[in-house]
Amino acid sequence: MNVTERNTPMRAAMTRIRFRGAAVAAASVAMAVMLTACGGDDGSDEPESKPQGSSSSSSGQKSEAPAPAEDDEDQVLASIKGKDGVEAVISSAKREAGGFVTVKGRVKNGSKQIWAAVGWQGTEQELVSNGASMAGATLVDQQGKKRYLILRDTDGRCLCTKFEGLTPGAEAPFFAQFPAPPQSTTEVDFQIPTMPTATIKISG
């Protein structure tokens, strides 16, 4: 009984210490909640630190992306309509630094069947063996009275587009490269086998 009476004050002290510790912990949690609430008042979810260069400089200078190269796909130098709704649209004919002319455009299959460029590869056996292509295309300089055939690589393949079967309603880009006429020649006739002739202007 005496032992119990001697330990009663000590237990009371320990109880008070535990109570004060719990109160301090509760106050700390409440303070953390208040700080969090204050920090979110501006409604911003962005972190305080930002990567370098993410904001514009105070001098007002702005970094600008380089201007894209000119796209001539929407230009129309000529439109050649063949049979069965097949159409070749020429968008550019440019002189290149290597002494040749590159003709670009798109072919559209307006027919009701798969188009495979039959006849466009010409009649020369070496080019025919390369498969469906526009190897038979030519440029004609009426002023200089010369015809320019398609260029070839070292393996005898044409420097031109080779076609897969084009489904009805589909279209595909094409290119063909030829020796360049003299600088004084600014217009040439572009000819594709089985298609009408079109006069186009050379740029560059």
Side-chain angles (χ1 to χ4, degrees), residues 65-204:
E70 287 188 20
D71 187 359
D72 53 17
E73 289 187 1
D74 295 332
Q75 298 181 17
V76 178
L77 296 185
S79 178
I80 309 171
K81 295 184 178 180
K83 62 180 182 179
D84 299 328
V86 176
E87 180 181 7
V89 179
I90 316 301
S91 58
S92 67
K94 292 184 178 180
R95 292 182 185 273
E96 309 286 356
F100 55 91
V101 170
T102 301
V103 178
K104 292 182 180 180
R106 302 187 71 82
V107 59
K108 303 178 181 180
N109 182 14
S111 70
K112 296 181 180 180
Q113 56 190 0
I114 294 177
W115 177 82
V118 175
W120 280 31
Q121 70 270 29
T123 57
E124 189 174 343
Q125 186 59 40
E126 184 181 30
L127 296 176
V128 170
S129 63
N130 289 330
S133 70
M134 56 188 314
T138 60
L139 291 183
V140 177
D141 177 5
Q142 297 288 358
Q143 180 181 347
K145 301 186 184 302
K146 287 186 178 181
R147 180 185 298 273
Y148 297 91
L149 304 179
I150 205 91
L151 288 173
R152 309 180 193 187
D153 62 17
T154 54
D155 294 325
R157 295 171 297 192
C158 78
L159 296 180
C160 67
T161 297
K162 297 172 179 61
F163 295 103
E164 302 291 339
L166 202 60
T167 57
E171 60 180 77
F174 71 79
F175 81 95
Q177 293 183 328
F178 307 88
Q183 286 286 345
S184 58
T185 300
T186 58
E187 286 188 349
V188 290
D189 289 341
F190 181 61
Q191 297 179 340
I192 307 173
T194 76
M195 300 284 282
T197 299
T199 300
I200 58 177
K201 291 186 176 181
I202 299 176
S203 61

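None of these values were measured; they are calculated from a predicted model.
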Any residue meeting side-chain contact (heavy atoms from CB on, under 4.5 Å) with [X], in chain and number order, not counting sequence neighbours:
X: Thr186; value: none
X: Lys146; value: Tyr148
X: Arg152; value: Glu124, Glu126, Leu127

Provide the full list of disulfide bond (SG atoms under 2.5 Å apart) pairs with a residue in [range], sequence neighbours left out, each pair given once.
range: residues 147-204; result: Cys158-Cys160
range: residues 173-204; result: none
range: residues 168-204; result: none
range: residues 170-204; result: none

pair Ser79-Glu87: side-chain heavy atoms closer than 4.5 Å:
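With C-beta onward as the side chain, the pair touches.
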Are any of the side-chain heavy atoms of Phe100 and Leu159 separated by less than 4.5 Å?
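Counting from C-beta outward, Phe100 and Leu159 never come under 4.5 Å.
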Under the side-chain hydrogen bond (donor to acceptor under 3.5 Å, both in side chains) rule, what pairs show up with a residue in residues 193-204, not counting sequence neighbours?
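Matches after skipping sequence neighbours: Trp120-Thr194, Asp189-Thr199, Gln191-Thr197.
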Distance from [X] atom [atom1] to [Y] atom [atom2], nearest 0.5 Å?
X: Lys104; Y: Leu77; atom1: NZ; atom2: CG; answer: 12.5 Å
X: Phe163; Y: Gln121; atom1: CZ; atom2: CD; answer: 10.5 Å
X: Glu187; Y: Gln142; atom1: CD; atom2: CD; answer: 10.5 Å

Residues which pass salt bridge (Lys or Arg N to Asp or Glu O under 4.0 Å) with [X], listed by chain and number, not counting sequence neighbours:
X: Arg95; answer: none
X: Glu164; answer: none
X: Asp153; answer: Arg157

For residues 166-185, tabulate all N or O donor-acceptor pairs below 3.5 Å that involve a side-chain atom, not counting sequence neighbours.
residue	atom	partner	partner atom	Å
Glu171	OE2	Arg106	NE	2.6
Gln177	NE2	Thr102	OG1	3.1
Thr185	OG1	Asp141	OD2	3.0

Any sub-3.5 Å donor-acceptor pair from Ser133's side-chain atoms to Ala135's backbone N or O?
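Such a contact is found between Ser133 side chain and Ala135 backbone.
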